[in-house]
Protein chains: 2
Amino acid sequence: MADVMIHEFLLGFIKIYILQYAEKEPVYGKEIHDQLQEYGYKISFGTLYNTFHGFEEKGYLIHEDRNINGKIRKYYTLTDRGKEAFNKAKEKAKELFDALYE
Amino acid sequence: MADVMIHEFLLGFIKIYILQYAEKEPVYGKEIHDQLQEYGYKISFGTLYNTFHGFEEKGYLIHEDRNINGKIRKYYTLTDRGKEAFNKAKEKAKELFDALYE
DNA sequence: TTCTTGATATCAATTTATGATATCATTATT
DNA sequence: AATAATGATATCATAAATTGATATCAAGAA
């Protein structure tokens, strides 16, 4: 059941979390995938990379290629525009969250 | 932009909120639709009623018909199974939420 | 009976998610 | 200088979820 719930309830939240991560420090796809998995959240690579691309198209993220041990990684960083979107999402999420715990 | 963000980030959260509402007191579709709209969250009737039906199929909600001013309303109430799902979702959401505000 | 009203249901079209597979860029191996 | 190996990203056909306009419903009023 836990799996189903992620799809149904938590995917949007995971996306906010991606923005937040990218605010703290540059993040790449595989890293966040594995990290989320470790904590019991599943997001497919298809959805994940598509999410990164979508965020970049919307101007929320930009990436730079880094060569790590001879492998290319795309490190994504939050833009100002992304920060704005993130803050709004966070705020709205908090509203709903507070309603949940009031 | 606010609209887009609801779709992208908050829809799952709204679904948790529906469960929570149904725990406090019986809720019907139009009511929660209008209430959410008032607070700036939009969910289409298609998605909303489909969500109610899905939750009922999964055994999270049951409904009873009530005649209010000559109009039928379907009041949905949280079941024990639904309570279980709600608590898990809430817990997972809190984890992610705390990560957002840590 | 027919109209109105508040609400729920439907469904074709669109959008989003999945995950298996392909591809990429670099280093190591032969 | 090919070729294999590796870690990561990209693709894309299929599947699932969302939309919203429209249809339907049930009951009271005209």
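Atom set for the values below is all heavy atoms of this structure, side chains included, hydrogens, waters and symmetry mates excluded. In what follows, chains carry the letters A, B, and so on, assigned in the order in which the sequence lines appear, proteins first and then strands, with residues in each chain numbered from 1.
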- line: Residues passing the ring-ring contact (aromatic ring centres under 6.0 Å, His included) test with Y39(A), sequence neighbours excluded, are none

- prompt: Does the separation of the ring centres of F55(B) and Y76(B) fall below 6.0 angstrom?
  reply: no

message: Can you confirm whether or not the ring centre of Y75(B) sits under 6.0 Å from the ring centre of H63(B)?
response: no

- line: So CZ of F52(B) and CG of L61(B): to nearest 0.5 Å the spacing works out to 6.5 Å

statement: Here the gap from K83(A) atom NZ to L19(A) atom CG, rounded to the nearest 0.5 Å, amounts to 11.5 Å

message: Angle between the end axes of the helix from dT1(C)-dA30(D) to dT30(C)-dA1(D), five pairs per end, to the nearest 10 degrees?
response: 20°

message: Quick check with a 6.0 Å cut-off and a 45 degree axis cone: is K90(B) positioned over the face of Y101(A)'s six-membered ring?
response: yes

message: Apply the hydrophobic cluster definition, ILVMFWY joined by side-chain contacts under 4.5 Å directly or through others, and give me every member besides I62(A).
response: none

Rounded to whole Å, please give me the gap between [atom1] in [X] and [atom2] in [N].
X	N	atom1	atom2	answer
I68(A)	dT27(C)	CD1	P	12 Å
I43(A)	dT18(C)	CD1	P	7 Å
R73(A)	dT26(C)	CZ	C1'	13 Å
F45(B)	dA17(D)	CZ	C1'	19 Å
Y75(B)	dG6(C)	OH	P	14 Å
Y49(A)	dG7(D)	OH	P	13 Å
H53(A)	dC24(C)	NE2	P	14 Å
D65(A)	dT26(C)	CG	C1'	12 Å

- request: Compare side-chain N and O positions of Y28(A) against OP1 and OP2 of dT9(D) and report whether any pair is under 4.0 Å apart.
  value: no

task: Check whether the side chains of E31(A) and Y21(A) place a donor and an acceptor atom closer than 3.5 Å, and report yes or no.
output: yes

message: Can you confirm whether the side chains of Y41(B) and E95(A) place a donor and an acceptor under 3.5 Å from each other?
response: yes

Flag if over 12 foreign heavy atoms under 6.0 Å of CG, N69(B): no

task: Would you indicate whether the side-chain heavy atoms of F86(B) and Q20(B) approach each other to under 4.5 Å?
output: yes

- request: Check whether any side-chain heavy atom of K15(A) sits under 4.5 Å from a side-chain heavy atom of T51(A), and report yes or no.
  value: yes

message: Would R66(A) and E64(A) count as a salt bridge (charged side-chain N to carboxylate O under 4.0 Å, His left out) here? Give the steps.
response: CA-CA 6 Å; R66(A) 286 193 206 164; E64(A) 56 165 328; 3.2 Å; yes

Are any protein N/O atoms closer than 3.5 Å to N/O atoms in nucleotides 12-14 of chain C? If there are, list each pair with its distance.
none

Nucleotides 15-17 of chain C: which of its N/O atoms have a protein N/O under 3.5 Å away?
| from | atom 1 | to | atom 2 | distance (Å) |
| --- | --- | --- | --- | --- |
| dA17(C) | OP1 | K15(A) | NZ | 3.2 |
| dA17(C) | OP2 | K15(A) | NZ | 3.3 |

Kindly give the atom pairs (protein nitrogen or oxygen, nucleotide nitrogen or oxygen) under 3.5 Å for nucleotides 23-29 of chain D.
| from | atom 1 | to | atom 2 | distance (Å) |
| --- | --- | --- | --- | --- |
| dA27(D) | O4' | G70(B) | O | 3.1 |

task: With side-chain contact (heavy atoms from CB on, under 4.5 Å) as the test, would you mind laying out the steps for Y28(B) and I68(B) before giving the verdict?
output: CA-CA 12 Å; Y28(B) 66 101; I68(B) 307 290; over 6 Å; no

